[in-house]
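Structure first, commentary second.
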Number of protein chains: 2
Amino acid sequence: MTASQPRERLLAAALEQAMHGGIAGMSLRELARAIGTSHRMLLYHFGSREGLLTAVAYAVEEAQRAEVAQLVAVDARRLWQHFSDPVLWPAERLFFELYGQALVGRPGTEEFLGNAIEPWVTAIAPALSREAGLDERTARLEARLAVAVTRGLLLDLLATGDRQGVTEVFERYVQYTESGYRPDANQPGQP
Amino acid sequence: MTASQPRERLLAAALEQAMHGGIAGMSLRELARAIGTSHRMLLYHFGSREGLLTAVAYAVEEAQRAEVAQLVAVDARRLWQHFSDPVLWPAERLFFELYGQALVGRPGTEEFLGNAIEPWVTAIAPALSREAGLDERTARLEARLAVAVTRGLLLDLLATGDRQGVTEVFERYVQYTESGYRPDANQPGQP
DNA sequence: TGGTTCATGTACCAAGTGGTACATGCGGGC
DNA sequence: GCCCGCATGTACCACTTGGTACATGAACCA
């Protein structure tokens, strides 16, 4: 189940490699050389280049889901602390790489899109509903916003490397959510 | 200055093509065929494949900056209405594609990263400072958050296509900002 | 023992790759 | 007229690409 099967072993190695230098732009031979096998083996075990890409995308997705499952009911600051940890940056770069490729229709990455939002929202919303007493609809809205904020700030973080600065921004967002908002505050022109 | 110079004409065509089907995964010949020229011409005018990629990335960046300049002092809802318009989706897909490639170090896209955050913050912050009476530091924090929220929600939008749903989420964020937050809520940190 | 299945290596293929050499047209200045 | 610089086309280069054919080994089961 772990790395005993050669396919699993190769997949793990490919994943590892994908996190250092990307994967969408690599040829089978490049990748094979990098992980110490032959392009013949990659084709044997994954059928085609696209099959390999698909398998990697799927694995990344699965890792994400595992992450989510583990993080339910954790508070926002700890969650950000977790995601902004530099050891996760390679994985997050890979995520954005695959995401970008999926958006332009690169085969083998398309199904990646379907699981980019909904599973996260579904995983986070119940905790919000429970701990903040929100009705389900509102909890899902709030969760969707949280996912977007986290992704947007991760993009910032990966581009700038400025963990402290971005963390400050995240803190500001958290304080918004903690203070709740007053729908009666009406406007028109900003307060 | 427009499309009189052949290089400009080719660049415009390449950009156009890049928005429909991406560009990072295309070969020179594919691209040339798609825009009705020869790969020879692309190499002549851009020096190399990487030169072309760079030029396209640069043009996208420039278009972004123009967008920003035009949007200063516009209110948040109109801004979202603008960015979420389906006619801009191809451009935004291209943005995320280039961003993803830049994050994994694809040559010709690297400098893209440096201008992903700061120019936007600098363009937006003064308006926030002016209209909401925030000090400069706070205005920049707020602007950085706004950029992240917008990008995160655009990612959601491009993946799901659910403009109405995502717009609701954005609305929730706007209401947070409009109601202001109460730092006295509990929290020790942050003034 | 022999047969079967999975894993791997070697060698190859046609097609496509980025890039270059070279010839050709076409315009305006002299 | 002539030349010169830009733009373009044709033909080619060595190399890489994804994929396949085929042989071989190792492990297991009969």
Verify salt bridge (charged side-chain N to carboxylate O under 4.0 Å, His left out) between A:Arg65 and A:Glu61, making sure each step is shown before the conclusion.
CA-CA 6 Å; A:Arg65 257 198 285 268; A:Glu61 203 179 283; 3.2 Å; yes

Should B:Glu97 and B:Arg93 be marked as a salt bridge (charged side-chain N to carboxylate O under 4.0 Å, His left out) after you check the CA-CA gap, both sets of side-chain angles, and the distance that decides it?
CA-CA 6 Å; B:Glu97 181 193 19; B:Arg93 284 195 198 94; over 6 Å; no

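Taking 4.0 angstrom as the limit, B:His45 places none of its side-chain polar atoms (N or O) nearer than this to OP1 or OP2 of D:dC6. For A:Ser27 and D:dT17, the shortest distance from a side-chain N or O to OP1 or OP2 is below 4.0 Å.
The nearest whole Å value for the distance from the CZ atom in A:Arg106 to the C1' atom in D:dG18 is 12 Å. Taking atom CG of residue B:Leu43 and atom C1' of nucleotide D:dT8, one finds them 13 Å apart after rounding to whole Å. Distance, A:Ile23 CD1 to D:dG18 C1': 15 Å, rounded to whole Å. For A:Gln5 and C:dA7, the CD to P distance is 8 Å, given to the nearest whole Å. Rounded to an integer number of Å, the gap from A:Glu8 CD to C:dC6 C1' is 15 Å. In this structure, B:Tyr44 places its OH atom 15 Å from P of C:dA21, rounding to the nearest Å. Spacing between atom CZ of A:Phe46 and atom C1' of C:dC6 amounts to 15 Å, rounded to whole angstrom units.
Taking only side-chain atoms of A:Ser48, from C-beta outward, the nucleotide of C:dG18, D:dG19, D:dT8 with the closest atom is D:dG19.
Without hydrogens or angle criteria, B:Thr138 side chain to B:Leu134 main chain gives no donor-acceptor distance under 3.5 Å. Under the 3.5 Å distance criterion, the side-chain polar atoms of A:Arg163 are matched with a main-chain donor or acceptor of A:Ser84.
Less than 4.0 Å separates DNA chain C from at least one heavy atom of each of the following residues of residues 29-42 of chain A: A:Arg29, A:Ser38, A:Arg40, A:Met41.
Paired regions of DNA chain C, where each region holds three or more successive Watson-Crick or G-U pairs whose two hydrogen-bonding distances fall under 3.5 Å, are C:2-26 with D:5-29, C:28-30 with D:1-3.
A salt bridge does not link A:Glu136 to A:Arg140: none of the charged nitrogens lies less than 4.0 Å from a carboxylate oxygen. The pair B:Asp162-A:Arg144 counts as a salt bridge, with a side-chain nitrogen and a carboxylate oxygen less than 4.0 angstrom apart.
Hydrophobic cluster membership for B:Ile117: B:Val121 (Ile, Leu, Val, Met, Phe, Trp, Tyr linked by side-chain heavy atoms under 4.5 Å, directly or transitively).
In this structure, B:Arg151 forms a cation-pi arrangement with B:Trp120, its terminal cationic atom sitting closer than 6.0 Å to the ring centre and no more than 45° off the ring axis.
Side-chain polar atoms of B:Glu30 and B:His39 form no donor-acceptor pair below 3.5 angstrom.
Among the protein residues, B:Leu28 comes within range of the sugar-phosphate backbone only, with heavy atoms under 4.0 Å from sugar or phosphate atoms but none that close to a base.
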